[in-house]
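Written out below as structure tokens is the structure these notes cover.
Since this is a predicted model, take the numbers as computed values, not measurements. In what follows, chains are A, B, ... by sequence order, proteins preceding strands, each numbered from 1. Note: hydrogens, waters and symmetry copies are ignored here, and every other heavy atom, side chains too, is used.
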There are 2 protein chains.
Amino acid sequence: MRNGLRNKGLRRYDSPMKHRPTVKDVAKAVGVHASTVSRALNPEKRGRLSDDLVARVLAAAETLGYRTNALAASLRTRRSMAVGVIIPDITNPVFPPILMGIEDALRAQGYISVVANTGNDSERARIAVEQLTARRLDGLILATALRRDPLVDLCLARGMPAVFVNRRDETRRIPSVVSDDEAGVQLAIEHLVALGHRRIAHIAGPSITSTGFARRRGFEFAMAEVDGAPRPPLVVEARTYGRDSGHQAFLELLALNPKVTAIVTSNDLLALGCCDAMREARLSCPADISITGYNDMPLLDIVTPPLTTVRIQHHEMGAEAARMLIDIIENRERRAAMDIVLKPDLVVRGSTAAPRATPAKLQLAEP
Amino acid sequence: MRNGLRNKGLRRYDSPMKHRPTVKDVAKAVGVHASTVSRALNPEKRGRLSDDLVARVLAAAETLGYRTNALAASLRTRRSMAVGVIIPDITNPVFPPILMGIEDALRAQGYISVVANTGNDSERARIAVEQLTARRLDGLILATALRRDPLVDLCLARGMPAVFVNRRDETRRIPSVVSDDEAGVQLAIEHLVALGHRRIAHIAGPSITSTGFARRRGFEFAMAEVDGAPRPPLVVEARTYGRDSGHQAFLELLALNPKVTAIVTSNDLLALGCCDAMREARLSCPADISITGYNDMPLLDIVTPPLTTVRIQHHEMGAEAARMLIDIIENRERRAAMDIVLKPDLVVRGSTAAPRATPAKLQLAEP
DNA sequence: CGGATCTGTGCAATCGTTTGCCCATAAGAG
DNA sequence: CTCTTATGGGCAAACGATTGCACAGATCCG
């Protein structure tokens, strides 16, 4: 990918693309030097110019329809006022709200975002970082972090400011904004325990992701405190964060221990996958097994059953990450070395209830 | 916004940012001129150089960790190999799959995408177009089109290649890739009619959007053919494409005519909003009223009731739009003047059933 | 009235790549 | 042995904006 940007030679220089007026054209129109125009156009350097001149330049720029060429400006200033956002899968409903938060915060400071979607492919993620670096963005927000993520080294090697959002790298060399996953899982468990559950299992997200790992650890820690809980704790790891992985993990879990009365999942889609599997197995949620999700993605209130889940502050998380990155970019080191951890909430809906007095007759064969 | 890109002066030129090797550094290392390096790095211009030299340049570039500065290259070539995508609301589940289609097709041709989200705000959309133009992107894909959209004039004035996806401008000055909305609505109506419905109403999307308008028109045309249908056709226009707008529109519709037995909505979220309202009103869907959505967004299969809807080819639509745009950018005018219309499908689920009062058992005349 | 201090602008050098044009050297032709 | 004709690469001028420095004229001070 050293040369992703070659002119394919298909458009000639004499292309019909309109000639865009440059700072020189404006200068000519006003009868001053280009540098003067540049200064007049920049509010921060305008001070030393006469008000009259500034007004004339502005007027001329307006009538000519002048727009500054961001490419040229960035090349010269080494600042693009743009940051890249790397997302594993934009179709996962967790990310759009985070993205909105990022955009809102960036816009407030005059930055724009460039979003790259990697489809959970680490090679594509690497390429995305390379491309965004090649375009000289001012920084990167990574929502893709694995627990040990090579992107960290890449960013560090390229001297590219970066922050993690939602996930983070275990080496902690890059600041992050995350939700407190251990606390979130604990909320779910406390809720289930209060309902009377003891045989609570966990369907974990991929352990290479920081969220999957942290939530699992939170589960194991919290369950260690629960009297009468299975030892060791019951955990099945899903292959991905997708609905069908949840389906599959549910079947594995039931094969492992058919007596579970509640499942804490690492993500809403996994939870929905469990519901799919239960429906197929003619089990009822929450009558037979209670299920909790994680993230509180949209529409969870009208699926069947409405899913009890842990809500995280997506928008705020994105906004905080963006603000942090800008601080780093602009050398306000105030926040450069900090991690921000937001608190999650539990949203109780219909997928959790007290366990049956006698465990349901499960139709799945025991191994 | 003439100057979104000013250096805020917060990072000095002597910043600790690593010195990135340039083509000159590579040239020095190999002992040739920078122009030679440039040629060696470009497969298409490599022909006139000796194989040996090319190999040495490549090796030197590799060891120095050279990456071409896309900014500088774009400035010189006037090509950025990047296209902008303007989306009204990324949290609307319709758009991520379209975006994926766009990205996939772009990537296949070596382009990258820059996504801007406008939050349904036409002023922000304008600013986005300005910014992307300022960054000299090669083209724009617009998913925001209103029926009479000022962005069209803006793109045309700036000489910026553009295509519409999912929506389109009525003036038809910009090519588009859309789904056949009239056909889609007709599918829904035929299905309902086959079930025995006659008093079918429509909850339309905002009439300023091309989709809202086209689906409404499709509804009116198709209903004109239905014997025993209300005259004039029953239509309520929702304020936005959001769930609560659907809720509200449903109440208006019922106030207007309490006897409807089926509702064709312009969008899944509107349909879900209707379901919300029905639940509150202790009405049952589909027993009391059948409802169809539009778009087949994710999770519709597990909401209650599972929604009958019109599926459109999101991914393909995005991909086709991207391919079309690239054709235009690269002056292959083959497709420049065409519109592409994809065919929708009906997905029958649980939200539609025979009307309650129907005396005879109606056989499902459905494929 | 000479010199010091401002003010307002122009000059020219960057930023890093690309490419039209020209010029060596070598090879082949006559 | 001289004259073309390829080859292989160097030169320098773009692309468009920014900015340190210089400098002319105006203002001010003693």
How about B:T171 and B:R173: does a side-chain donor come under 3.5 Å of a side-chain acceptor? yes
Distance (rounded to the nearest 0.5 Å) between B:H315 NE2 and B:D104 CG: 4.0 Å
Rounded to whole Å, CG of B:L49 lies from C1' of D:dA6 at a distance of 15 Å
Nearest heavy-atom neighbours spanning B:M160 and B:D138: SD-C, 4.1 Å
With DNA chain D as reference, determine whether A:P21 or B:V32 sits nearer its 5' end, using the nearest nucleotide of each. B:V32
Which listed nucleotide (C:dG16, C:dG10, D:dC15) is nearest to the side chain of B:R78? D:dC15
Round to the nearest Å and state the distance from A:H33 atom NE2 to D:dC23 atom P. 15 Å
Is there, by distance only and without an angle test, a donor paired with an acceptor across the side chain of A:R39 and the base of C:dG8 below 3.5 Å? no
Spell out yes or no: do the side chain of B:R76 and the base of C:dT17 have one donor N/O and one acceptor N/O closer than 3.5 Å? no
Nearest nucleotide by nearest heavy atom, which residue falls closer to the 5' end of DNA chain C, B:L75 or B:K45? B:L75
Could you check whether any side-chain N or O of A:S113 sits under 3.5 Å from a backbone N or O of A:V115, counting only pairs where one atom can act as donor and the other as acceptor? no
Specify the separation, in whole Å, of atom CD of A:E44 and atom C1' of D:dA17. 16 Å
So which nucleotide from C:dG8, D:dG16, C:dG16 ends up closest to the side chain of B:A72? C:dG16
Is there, by distance only and without an angle test, a donor paired with an acceptor across the side chain of B:T22 and the base of C:dC15 below 3.5 Å? no
Please state whether the phosphate of D:dG9, meaning OP1 or OP2, lies under 4.0 angstrom from any side-chain nitrogen or oxygen of B:T36. no
Listed nucleotide nearest any side-chain atom of B:Y66, set D:dT18, C:dT17, C:dG16: C:dT17
For the side chain of A:S35 and the base of C:dC11, is some donor closer than 3.5 Å to an acceptor across the two? yes
If each end axis of the helix from C:dC1-D:dG30 to C:dG30-D:dC1 is fitted on five C1' pair positions, the angle between them, to 10 degrees, is 60°
Between B:E130 and B:R135, does any side-chain N to carboxylate O distance fall below 4.0 Å? no
Taking all non-hydrogen atoms of both residues, which atom of A:I328 and which atom of A:A162 are closest, and how far apart? CD1-O, 4.4 Å
In whole Å, what is the span from the CZ atom of B:R79 to the C1' atom of D:dC15? 15 Å
Upstream residue (5' side of DNA chain D) when B:L53 and B:R136 are each assigned their closest nucleotide: B:L53
Any side-chain donor-acceptor pair under 3.5 Å between A:D52 and A:S50? no
